[in-house]
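Note that the structure is a prediction, hence the values are computed from the model and not measured.
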Amino acid sequence: YDYARDYKGNDYFFRIEKGYWSVLGEFGEAKSKWDYTSSWTGITEEDEQENKYTRLSLNYADGTNTGRVYYHQNKRDIFDSSGATNYRDKTLGATFNRKQTLGDIPFVWGMDWRQEQADYDNTKNPYGDNKPYDLTRNGFAPYVEATVPVGQANLGLGLRYEHWNVDNGDNVNEFIPRVSLNYESPSGQLWYATA
């Protein structure tokens, strides 16, 4: 059983806006301690965990164009009988989309780009083979989606292409079609189906 004995956490947030631009920031940390009794040995030990996160973004939205550049970072350190285990992950990304019309049909097109990095380390683990890693993957995804009126409903037709370049894994190239149908009733309820 795990018995939580102590938990402390702090979260901070800020937002600055000017015209079409905004900057957002989120920061936080949490620390916890608990007693763990091993079912194998019957020994009780004090375990501890520390978590920290950072999320930053620069955003633009003018009603037609929307863009965002963002950075996320998470850190987690666990201290227990297997030693110190450290997890880290970082994400850097950018997204842009634009609303347009083709005749009377509204559509949106855009592009997402993302780079992810994760690493893990627990070299002092006495319980077996632990392989540290430091891996990344990079991806981009252009997409387009149109909205076609069908009676009182709207039919959405979209296509997205995703490419991921993966460390120590298979690269991914995939077309992802999307079809959706949505209807808003006179009472304001929104019904939709997506495939």
Do F96 and V144 sit in the same hydrophobic cluster, where Ile, Leu, Val, Met, Phe, Trp and Tyr count as joined when their side-chain heavy atoms come under 4.5 Å apart?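 Same cluster: F96 reaches V144 through Ile, Leu, Val, Met, Phe, Trp or Tyr contacts under 4.5 Å.
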Give the C-alpha distance, both sets of side-chain angles, the deciding distance and a yes or no for side-chain contact (heavy atoms from CB on, under 4.5 Å) between Q117 and D119. CA-CA 7 Å; Q117 184 219 353; D119 65 77; 3.9 Å; yes
For the [atom1] atom of [X] and the [atom2] atom of [Y], what is their distance to the nearest 0.5 Å?
X: L102; Y: W109; atom1: CG; atom2: CH2; value: 14.0 Å
X: E46; Y: Y36; atom1: CD; atom2: OH; value: 15.5 Å
X: E45; Y: F79; atom1: CD; atom2: CZ; value: 13.5 Å
X: R76; Y: N51; atom1: CZ; atom2: CG; value: 6.5 Å
X: N122; Y: I78; atom1: CG; atom2: CD1; value: 9.0 Å
X: L58; Y: L56; atom1: CG; atom2: CG; value: 10.5 Å

Check whether any side-chain heavy atom of [X] sits under 4.5 Å from a side-chain heavy atom of [Y], and report yes or no.
X: I176; Y: R178; result: no
X: Y87; Y: N74; result: no
X: E48; Y: K31; result: no
X: E174; Y: W164; result: no
X: W21; Y: I16; result: no

Do Y120 and Y133 have ring centres separated by under 6.0 Å?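 Ring centres of Y133 and Y120 closer than 6.0 Å.
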Suppose the criterion is salt bridge (Lys or Arg N to Asp or Glu O under 4.0 Å): which pairs have a residue in residues 157-170, not counting sequence neighbours?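 Only D112-R160, R160-E162 qualify under salt bridge (Lys or Arg N to Asp or Glu O under 4.0 Å).
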Distance-minimising heavy-atom pair for [X] and [Y]:
X: T101; Y: P106; answer: CG2-CA, 4.1 Å
X: T147; Y: N154; answer: CG2-CB, 3.8 Å
X: S180; Y: T194; answer: CB-OG1, 3.6 Å
X: G9; Y: Y7; answer: N-CE2, 4.1 Å
X: R137; Y: V166; answer: CB-CA, 4.1 Å
X: M111; Y: P142; answer: SD-N, 3.7 Å

Candidates N173, N138, N171 - the one meeting side-chain hydrogen bond (donor to acceptor under 3.5 Å, both in side chains) with H163: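 Exactly one pass, corresponding to N173.
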Is it true that, when you exclude D104 itself, more than 12 heavy atoms of the residues, nucleotides or ligands shown sit nearer than 6.0 Å to its CG?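 Counting other residues, nucleotides and ligands, CG of D104 stays at 12 neighbours or fewer.
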Listing, residues 65-73 side-chain donor-acceptor contacts under 3.5 Å, not counting sequence neighbours, or none:
residue	atom	partner	partner atom	Å
N65	OD1	R98	NH1	2.8
N65	ND2	D62	OD2	3.3
Y70	OH	R114	NH1	3.2
Y71	OH	Q73	OE1	2.6

Does K52 form a salt bridge (charged side-chain N to carboxylate O under 4.0 Å, His left out) with E50? I'd like the steps, not just the answer. CA-CA 7 Å; K52 292 183 180 180; E50 295 179 2; 5.8 Å; no
Cation-pi, F13 ring and R15 (6.0 angstrom, 45 degrees):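 No, R15 does not lie over the aromatic ring of F13.
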Quick test of your reading: applying ring-ring contact (aromatic ring centres under 6.0 Å, His included), list the pairs with at least one residue in residues 165-195, sequence neighbours left out, ordered by first then second residue.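 Every pair satisfying ring-ring contact (aromatic ring centres under 6.0 Å, His included) with a residue in residues 165-195: Y161-F175.
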Ring geometry between Y20 and Y60 (parallel below 30°, tilted from 30 to 60°, perpendicular above 60°):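 Ring orientation, 0 to 90° scale: perpendicular.
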Stepwise, does the side-chain contact (heavy atoms from CB on, under 4.5 Å) test hold for L157 with V179? CA-CA 5 Å; L157 301 170; V179 178; 4.2 Å; yes
Decide yes or no on salt bridge (charged side-chain N to carboxylate O under 4.0 Å, His left out) for R88 and D77, but give the supporting numbers first. CA-CA 9 Å; R88 304 282 185 267; D77 300 313; 2.9 Å; yes
